[in-house]
Participant: 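Structure incoming, see below.
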Number of protein chains: 2
Amino acid sequence: MDASSDLQNRVPRKRRKMQRVTMMDVAKLAQVSPSTVSLYLRKPGAVSPAAGQEIARAISTLGYVPNLVAGGLAAASSKVVSIIVPSIRNAFFAETVSTIQSELSAEGLQVILGHSEYGEDQEEALVRTALSWAPAAVVLTGLSHNAETRKLLQASGVPVVEMWEIGGKPIDMAVGFSHPQVGASAARHLLSKGRRSLAFLGARMQEDHRAAKRASGFAEETKRAAEPATCEIINHPGAATVEAGSLLLNRALRQIPNLDGIVCSNDLIALGALFECQRQGVAVPERVSLVGFGDLDFSASCIPSLTTIRPSGDLIGREVARLILASIHGERPEGTSLVVDTGHVLIERRSS
Amino acid sequence: MDASSDLQNRVPRKRRKMQRVTMMDVAKLAQVSPSTVSLYLRKPGAVSPAAGQEIARAISTLGYVPNLVAGGLAAASSKVVSIIVPSIRNAFFAETVSTIQSELSAEGLQVILGHSEYGEDQEEALVRTALSWAPAAVVLTGLSHNAETRKLLQASGVPVVEMWEIGGKPIDMAVGFSHPQVGASAARHLLSKGRRSLAFLGARMQEDHRAAKRASGFAEETKRAAEPATCEIINHPGAATVEAGSLLLNRALRQIPNLDGIVCSNDLIALGALFECQRQGVAVPERVSLVGFGDLDFSASCIPSLTTIRPSGDLIGREVARLILASIHGERPEGTSLVVDTGHVLIERRSS
DNA sequence: CTGAAAGCGCTAACAA
DNA sequence: TTGTTAGCGCTTTCAG
C-alpha cells in the first residue's frame with residue numbers, strides 16, 4: 001500500500017525519469033519551506049540553527065543532491081567556467097587547466113573544457129556552446145581570436161580571461177607573459193655565450209601565434225645585437241613533438257653551416273633536437289648551445305640538462321582563477337589593471 | 001561619446017541582467033510558436049521547409065544562442081558528460097579525455113572535467129557534483145571506487161563508463177585492458193631475453209592501483225617462469241616523473257647486485273631511469289634491459305629507443321565515446337558485452 | 001505539421 | 001528568520 005502509492009506519485013507515467021529527490025522533499029521532511037532550504041544551502045549562517053539542523057538531517061537521510069541545472073536557470077548564471085585551450089594534450093595547458101580546476105572547485109565552480117586545435121573557427125564554435133551554458137566565466141588561450149568570437153563574448157557580458165599571452169588588447173582580462181620577450185631573452189642568452197649563427201626551431205607556427213611571436217622576438221633581438229649575428233627561423237608544419245625536434249635539427253644542420261646556437265619553441269622539440277645531436281655526433285653545448293621553452297618534467301634530468309625558459313603554467317592558472325573569483329564576487333578593482341604579467345625566467349643549465 | 005555608451009551597455013551595473021535572445025524572440029520574428037522553433041532545433045526535418053527557413057533566418061538575424069541550461073532542466077537530462085580522471089597532467093588521461101571530447105562534441109555533448117588526485121573520497125565528491133548536473137553520462141577512471149560512489153552512481157541511473165581498466169565488476173560499462181597482463185607481458189619479454197634479476201620501478205603505487213596491478217602481474221609471471229628468476233618491486237611514494245625514475249634506478253642498483261632487467265610503471269620513469277643509467281655508466285641494453293609503459297611521445301626517439309607497452313589511450317577514448325553515445329541513443333545491445341578490452345601491445349625497441 | 005499548456009527544480013524579490 | 005510568489009527558457013505531451 002504504502003510502497004505503491006509512493007511509487008505512483010514519484011514515478012511519472014511514461015519516462016521512468018528516476019524519482020530524483022528535490023529540494024521540496026527536503027523541505028517537507030525538515031518542516032520548512034523550500035526557500036529556506038535554498039537559503040540554507042547558499043548561506044547556512046542565514047537560517048536559524050534549529051532549522052539548519054533539521055535541514056541538514058533531511059538532506060542526509062534523503063540523500064539529496066542539488067540540481068545545478070535548475071539552479072543555474074533560476075539564477076540566470078550557472079556555476080560553470082568554460083575553458084578553451086588549443087589542446088589538452090599539451091603539457092602546458094594541462095597544467096594550467098588542472099590548477100584552475102583545483103582552485104575553482106574549492107568555490108563550487110565546475111570546469112567545462114574545450115579544445116580548438118589551434119583553429120579560430122573551431123574556437124568560435126566552442127565559445128558559442130560555452131555561452132549557451134550561461135557560464136560564470138569563459139577562459140580563452142591567447143589574444144588572437146576572430147572578430148565574431150570577440151563580438152559574442154563582448155555581447156554576453158560574461159567575464160572573460162585570456163591566458164598565456166599579454167601584449168595586446170584583451171577582450172576583458174588577461175593573464176600571461178610576452179612571447180616576443182621570451183624570444184628576446186633566449187637570444188640574449190645565446191649571444192652572451194658568444195654564439196653568432198642562430199636558429200629558431202618551431203612547430204605549427206602558422207597556427208600557433210604565440211610560438212611565432214617567440215620566434216620573431218628572437219629574430220628582432222638578434223638583429224639588434226652589438227656584434228653581427230645571423231638567425232634563421234625554421235618551422236615544422238606538424239605538431240610540436242620530440243620527433244619534430246629531430247627533423248628540425250637536421251634541417252638546421254643542413255641549412256646553417258656554422259650553426260652554434262639553437263632556440264626551440266618548446267622543450268619537447270628541444271629534447272628531440274638533443275637526441276638528434278647525440279645521434280649526429282654534434283656536441284652540446286660545446287659545438288651548439290641549446291635553449292628550450294617550458295621547463296617540462298624531463299628538462300632538468302636529460303643529458304645534458306636543458307637550459308630553458310619557464311613560463312609557469314601553474315602561476316598563470318592561479319591568477320586566472322583569482323581574477324575569475326574576483327569578477328564573480330563583484331570585486332573587480334577599478335584602479336588595478338586587469339592584465340597580469342606572470343613573466344618568465346630563464347633557467348640556465350648545461351645545454352648552453 | 002561612443003566609448004562611453006559602449007561602456008554602459010557592456011558593463012551593466014551590478015548584476016548582469018542581460019536581455020538574452022530567447023526562443024520566444026525567434027518564434028515571434030519567424031511568426032511561429034516557440035515549440036515549433038524547439039522542434040526545428042532538434043529535428044529540422046520535422047517542420048515544413050517554409051517554416052524552417054523563416055526560423056533559420058530569425059535565428060541568424062537575432063544571433064540566437066540556445067540556452068542549454070534551460071533545455072537541460074526541461075529535458076531532465078543535460079547534454080554534459082562528466083569525466084573524472086586522477087590527473088589531467090598525466091599524458092595518458094589527457095589523450096583519452098581529448099579524444100572523448102572530440103568525439104562527443106560532434107554530437108553536441110559537452111565535457112565536464114574533474115580530477116581526483118588519486119583519492120577515493122575526492123572522487124566521491126566529484127561524482128556528487130557531477131550528478132548534480134543530471135549528466136548524460138559519467139566516466140570514471142579505473143574500477144576501484146568507494147562504496148558510496150558506487151551507490152550514488154548506481155542509484156542515479158545515469159550511464160557510467162569506467163575506463164583504463166577491466167578485470168573486475170564494472171558499475172555499468174568498462175573500457176580498458178588488464179593491468180596484470182601488461183605486467184606479465186613485460187616479464188615474459190625480459191625473461192625471453194635471458195634476464196633473470198628483475199625489478200619493477202613504480203611510483204605512487206599506494207594510490208595508483210593500476211600501477212600496483214601491473215607490478216603484481218609482473219611479479220606473478222616472474223615466479224611462474226621456467227628458469228628461476230628473481231623480482232623486486234620498488235615504489236616511489238611521489239608522482240611518476242622523470243626525476244622519480246632516476247631515484248628509483250639508483251635504489252634498484254643498490255638493492256639488486258646483478259640487476260639485469262627493469263620494467264617501469266610508465267615511460268616517464270623509464271626515461272629517468274635511462275638518463276640515470278647513462279650517468280652511472282650502466283649500458284642499456286647490454287647490461288640492463290629496460291621496458292616502459294605508455295609509448296609516450298619521446299619513447300621512440302630517445303637513445304636507446306625505449307621498448308614499451310602501448311595501451312592506446314586514444315582507442316580507449318573512442319570506445320568510451322561509442323558506448324556513451326549508444327547508451328544515450330538507447331542502443332545498448334543486450335547481447336553484447338558492455339566490457340571492452342582494448343588490449344595492449346609490446347613494442348620492442350633498442351632498450352631491451 | 002503546428003500550437004497551447006504544463007511544468008522541469010530552483011532562486012530571488014518581497015512580504016510577513 | 002521564514003514563507004510566498006513568480007518566473008528562468010526550454011521540452012514535451014496532447015490537441016488541433
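Labels below follow one simple rule: chain letters A, B, ... track the order of the sequence lines, proteins then strands, and each chain is numbered from 1. Please read all numbers here as calculations on a predicted model, not as lab measurements.
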Participant: Under the criterion side-chain hydrogen bond (donor to acceptor under 3.5 Å, both in side chains), which of A:Glu124, A:Glu120, A:Lys151 is the partner of A:Asn146?
Facilitator: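 That would be A:Glu124.
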Participant: Tell me whether the side-chain N/O atoms of A:Thr36 come closer than 4.0 Å to OP1 or OP2 in D:dT2.
Facilitator: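 The answer is no; no side-chain N or O of A:Thr36 sits under 4.0 Å from OP1 or OP2.
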Participant: Mind checking if B:Ser38 touches a base, just sugar-phosphate, or nothing, with heavy atoms under 4.0 Å?
Facilitator: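 Touches a base.
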Participant: Taking atom C1' of D:dT5 as reference, at what distance in whole Å does atom CE of A:Met24 sit?
Facilitator: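 In whole Å, D:dT5 C1' lies 13 Å from A:Met24 CE.
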Participant: Looking at the base of C:dT11, is there any donor atom on it, or on the side chain of A:Ser35, that sits under 3.5 Å from an acceptor on the other one?
Facilitator: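 A donor-acceptor contact between them is absent.
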Participant: Out of D:dG9, C:dG3, C:dC10, which has the shortest distance to the side chain of B:Ala74?
Facilitator: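 Taking heavy atoms from C-beta onward, the closest nucleotide is D:dG9.
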Participant: Send over the distance from B:Leu68 CG to C:dC8 P, rounded to a whole Å.
Facilitator: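 Taking CG of B:Leu68 and P of C:dC8, I get 21 Å after rounding.
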Participant: NA contact type, B:Val69, heavy-atom cut-off 4.0 Å: base, sugar-phosphate, or nothing?
Facilitator: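 Since no nucleic acid heavy atom lies under 4.0 Å of B:Val69, the category is nothing.
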Participant: Could you tell me the separation between the CE atom of A:Met23 and the C1' atom of C:dA12, rounded to a whole number of Å?
Facilitator: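 So the two atoms are 12 Å apart, to the nearest Å.
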Participant: Under 4.0 Å, heavy atoms only, any strand: does B:Tyr64 hit a base, just the sugar-phosphate, or nothing?
Facilitator: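 Answer is sugar-phosphate: B:Tyr64 comes under 4.0 Å of backbone atoms only.
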Participant: When the distance from CG of A:Leu41 to P of C:dA12 is rounded to whole Å, what number comes out?
Facilitator: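 From A:Leu41 CG to C:dA12 P: 12 Å.
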Participant: Could you check how far CD of B:Glu54 sits from C1' of C:dC1, rounded to whole Å?
Facilitator: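 Whole-Å distance recorded here is 16 Å.
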Participant: If you check every side-chain atom of A:Thr22, which of C:dG3, D:dC10, C:dC10 has the closest atom?
Facilitator: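 For the A:Thr22 side chain, the nearest candidate turns out to be C:dC10.
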Participant: Would you say A:Ser38 and A:Arg42 are linked by a side-chain donor-acceptor pair, where the criterion is simply a distance under 3.5 Å?
Facilitator: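 Distance-only check passes for A:Arg42 and A:Ser38.
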Participant: Keeping A:Glu162 on the side-chain end and A:Pro170 on the backbone end, is there a donor-acceptor pair under 3.5 Å?
Facilitator: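 No, the answer is negative, given that no donor and acceptor are paired below the 3.5 Å cut-off.
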Participant: Would you check if there is a donor-acceptor pair between the side chains of A:Thr96 and A:Trp164 at a distance under 3.5 Å?
Facilitator: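 On atom types as modelled, these side chains qualify, holding a pair under 3.5 Å.
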Participant: Among residues 42-52 of chain B, which residues get a heavy atom nearer than 4.0 Å to DNA chain D?
Facilitator: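 B:Arg42 - these, ordered by number, are the residues of the stretch whose heavy atoms sit under 4.0 Å from the strand.
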Participant: Picking from C:dT11, D:dG3, C:dC10, which would you name as closest to the side chain of A:Ala75?
Facilitator: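 That would be C:dT11.
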Participant: What is the distance, to the nearest angstrom, from the CD atom on A:Gln53 to the C1' atom on D:dT1?
Facilitator: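 Whole-Å distance recorded here is 16 Å.
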Participant: Can you tell me the distance, in whole Å, between the CG atom of B:Asn67 and the C1' atom of D:dG9?
Facilitator: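 After rounding, the gap between these two atoms is 6 Å.
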Participant: When rounded to the nearest 0.5 angstrom, what is the spacing between OG in B:Ser132 and OH in A:Tyr64?
Facilitator: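 Here the rounded value is 9.0 Å.
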Participant: When the nearest nucleotide of DNA chain D is assigned to B:Leu73 and to B:Leu39 on a heavy-atom basis, which residue is associated with the more 5' position?
Facilitator: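 Result: B:Leu73.
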Participant: Could you state the atom-to-atom distance from CD of A:Gln31 to P of D:dT2 in whole Å?
Facilitator: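 Atom-to-atom, A:Gln31 to D:dT2, this comes out as 13 Å.
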Participant: Within the distance-only criterion (no hydrogens, no angle test), does the side chain of A:Ser78 pair as donor or acceptor with the backbone N or O of A:Ala134 below 3.5 angstrom?
Facilitator: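 Side chain of A:Ser78 to backbone of A:Ala134, a donor-acceptor pair under 3.5 Å: yes, one is there.
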Participant: Would you call A:Asp314 and B:Arg89 a salt bridge, using N to O less than 4.0 angstrom?
Facilitator: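 Looking at B:Arg89 together with A:Asp314, the answer is yes, because their closest N to O distance falls below 4.0 Å.
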